[in-house]
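Keep in mind it's a predicted model, so treat the numbers as computed, not measured. So you know, we letter chains A, B, ... as the sequences are listed, proteins then strands, and number each from 1.
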Protein chains: 2
Amino acid sequence: MGDDASARSIEPRAWQAVLEHLERKLLDGDLAPGDRLPGERQLATDLGVGRSSVREALRVLEVLGLIRTHAGSGPTAGAIIIATPGGGMSALMRLQVAANGFPVDDIVATRLLLEAHVAGDLAAATAPDLGAAERLLDAMDDTGLDPAEFLALDAAFHLALAEASGNQVVTATMAGLRSGIEGYALAGHARIADWAGTSARLRAEHRGVLDAIRAADATAARTRIHDHISGYYAEISPDPRLP
Amino acid sequence: MGDDASARSIEPRAWQAVLEHLERKLLDGDLAPGDRLPGERQLATDLGVGRSSVREALRVLEVLGLIRTHAGSGPTAGAIIIATPGGGMSALMRLQVAANGFPVDDIVATRLLLEAHVAGDLAAATAPDLGAAERLLDAMDDTGLDPAEFLALDAAFHLALAEASGNQVVTATMAGLRSGIEGYALAGHARIADWAGTSARLRAEHRGVLDAIRAADATAARTRIHDHISGYYAEISPDPRLP
DNA sequence: GCCGGGCCTGTGGTCAGACCACAGGGTACC
DNA sequence: GGTACCCTGTGGTCTGACCACAGGCCCGGC
């Protein structure tokens with residue numbers, strides 16, 4: 001197992017070898033969040049590949065949210081390991097939706113089940129931290145917001161609920177799901193005739209969800225968040241179910 | 001909508017420009033699954049960037065499961081758009097787990113909630129297609145399987161249930177979750193003293209889940225799949241809850 | 001006329017070298 | 001002692017070149 005040169009002898013893709021090398025380093029604990037990767041030129045000579053191949057692997061890691069690169073010099077320069085899955089998940093969902101790999105309906109359905117679960121969990125928790133969510137709701141009370149700003153705060157509110165649940169996988173997934181249908185949700189607001197009324201309803205529904213969580217009423221929390229999300233998408237859906 | 005360059009008028013990263021160009025093409029319908037992308041050199045001259053930058057973008061798309069590249073000539077050569085989110089999700093989850101961005105516990109918890117939902121949905125469905133799942137269970141009845149083979153079939157069974165639910169997002173996510181903890185699950189089987197007994201129990205639990213689905217008993221289906229998964233991970237967990 | 005092997009072309013895959021912008025740190029000058 | 005400069009090393013990009021590959025084409029033999 002200590003020899004990774006033998007396996008690489010039949011490795012057709014150089015950039016994949018770099019990726020596997022770094023994954024191994026991560027699994028072995030040789031690299032951890034906060035650490036700086038060796039320079040691109042160093043990695044290239046160490047692994048016996050060209051710098052372009054190293055860069056392709058690093059690009060993948062960057063998009064996946066594994067590293068953050070910074071030019072220049074000093075302690076903040078170079079490629080630094082971060083583990084922020086939200087960005088990678090968002091890119092993945094967004095592109096898959098663009099390529100028709102993910103139907104919007106499936107995205108919404110997954111959002112529904114995840115958020116209902118989160119809401120139920122929070123209601124069952126002893127003392128969930130809803131501070132961030134409440135501050136976002138306060139910010140959304142500003143009636144001077146345009147729809148884009150309102151929807152951005154709405155997304156942040158739903159994400160804050162996921163973060164309060166403490167499950168990082170669910171949080172990242174929900175961030176990705178939201179990104180995947182962000183364009184859809186934004187384009188859909190134009191379909192709403194009475195935006196003032198709709199936004200007022202959304203505000204009230206948000207408060208209702210928080211109230212149910214605070215009251216430790218898991219069933220109500222689940223129902224309310226479910227109806228809240230499905231109601232909005234039904235409203236912006238071009239033609240839900242005619243026949 | 002025609003102008004999204006306003007937010008970031010100047011694009012410092014060339015590969016990102018390529019990515020955005022291709023995403024736009026996908027959203028506009030100029031590119032669809034099955035289509036062939038222009039050659040790397042062509043894209044480079046079209047967008048006014050170097051071929052390296054194009055390749056970095058294509059590498060990202062390949063890892064994310066958006067395209068499949070093939071050298072040579074003919075209709076199968078070049079970069080072809082596919083939309084297979086499973087691969088990208090798997091890479092993302094695997095690397096995030098390696099970088100400690102995703103705790104194993106959160107992965108398992110997410111699996112639990114997704115699979116419970118899937119099982120409940122299938123039980124509520126009128127005529128779910130459980131053929132693939134049943135065939136996998138039959139294959140798992142072979143007592144000559146070694147643990148790795150057994151676990152691979154187990155993963156395929158759970159994935160087949162997700163596919164039967166029809167939600168592609170859930171299917172891809174579950175594939176990713178499974179990949180993320182594949183190493184963990186494989187290493188954990190060594191911790192099980194009585195593998196024959198455990199595998200027999202797992203077989204019985206699988207059948208029980210299918211039975212509940214066929215009986216349209218959503219509650220039982222949810223409970224059984226939940227207990228099935230959490231039971232296995234509790235068994236391979238090194239030290240569940242000592243203090 | 002038919003068939004087969006070799007060349008041709010275009011593809012992705014990789015490498016090497018060069019240049020740029022950037023940012024920190026050391027140094028020489030004031 | 002303070003400040004402006006250069007030096008160094010980083011990622012970011014481009015260019016050009018070569019390779020392996022695979023289908024299509026042409027030409028020769030049968």
Without placing hydrogens or testing angles, list every side-chain donor-acceptor pair under 3.5 Å for residues 90-103 of chain A, not counting sequence neighbours.
residue	atom	partner	partner atom	Å
A:S90	OG	A:G86	O	2.9
A:S90	OG	A:S179	OG	3.0
A:R94	NH1	B:E23	OE1	2.8
A:R94	NH1	B:E23	OE2	2.7
A:Q96	NE2	B:L64	O	3.1

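- Within the structure, every pair that satisfies the ring-ring contact (aromatic ring centres under 6.0 Å, His included) test and touches residues 156-175 of chain B, not counting sequence neighbours, is listed here: B:F157-B:H206, B:H158-B:H206, B:H158-B:H228.
- Contacts with DNA chain C (heavy atom under 4.0 Å) in residues 42-59 of chain B: B:R51, B:R55, B:R59, listed by number.
- Legend: salt bridge (Lys or Arg N to Asp or Glu O under 4.0 Å) pairs involving residues 48-62 of chain B, not counting sequence neighbours, sorted by first then second residue: A:R55-B:E56, A:E56-B:R55, A:E56-B:R59, A:R59-B:E56, B:E40-B:R51, B:E40-B:R55, B:R59-B:E62.
- With rounding to whole Å, A:L37 atom CG is found 12 Å from D:dG12 atom P.
- Taking every heavy atom of both residues into account, A:D142 and A:G144 meet most closely at OD1-N, 2.8 Å.
- For the pair B:R24/B:E20, no side-chain contact is recorded, criterion being any heavy-atom separation below 4.5 Å from C-beta on.
- Side-chain nitrogen and oxygen atoms of A:T69 include at least one within less than 4.0 Å of the OP1 or OP2 phosphate oxygen of D:dG12.
- Protein atom CD of B:E40 is 14 Å distant from nucleotide atom P of C:dC15, rounded to whole Å.
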Find every protein N or O atom lying less than 3.5 Å from an N or O atom of nucleotides 3-9 of chain D, and list the pairs.
residue	atom	partner	partner atom	Å
D:dG9	N2	A:G72	O	3.1

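- Toward the 5′ end of DNA chain D lies the nearest nucleotide of A:E62, the other residue of the pair B:R41 and A:E62 mapping further downstream.
- A salt bridge links A:R178 to A:D154: at least one charged side-chain nitrogen sits closer than 4.0 Å to a carboxylate oxygen.
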Show me the donor-acceptor pairs, under 3.5 Å and distance only, between side chains in residues 30-38 of chain A and residues at least two apart or in other chains.
residue	atom	partner	partner atom	Å
A:D35	OD2	A:A32	N	3.0
A:R36	NH1	A:P75	O	3.4

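- With hydrogens and angles ignored, no donor-acceptor pair closer than 3.5 Å exists between the side chain of B:R13 and the base of D:dG11.
- Rounded to an integer number of Å, the gap from B:Q16 CD to D:dG12 P is 11 Å.
- Shortest non-hydrogen contact noted between B:I225 and B:A116 is CG2-CA, 3.6 Å.
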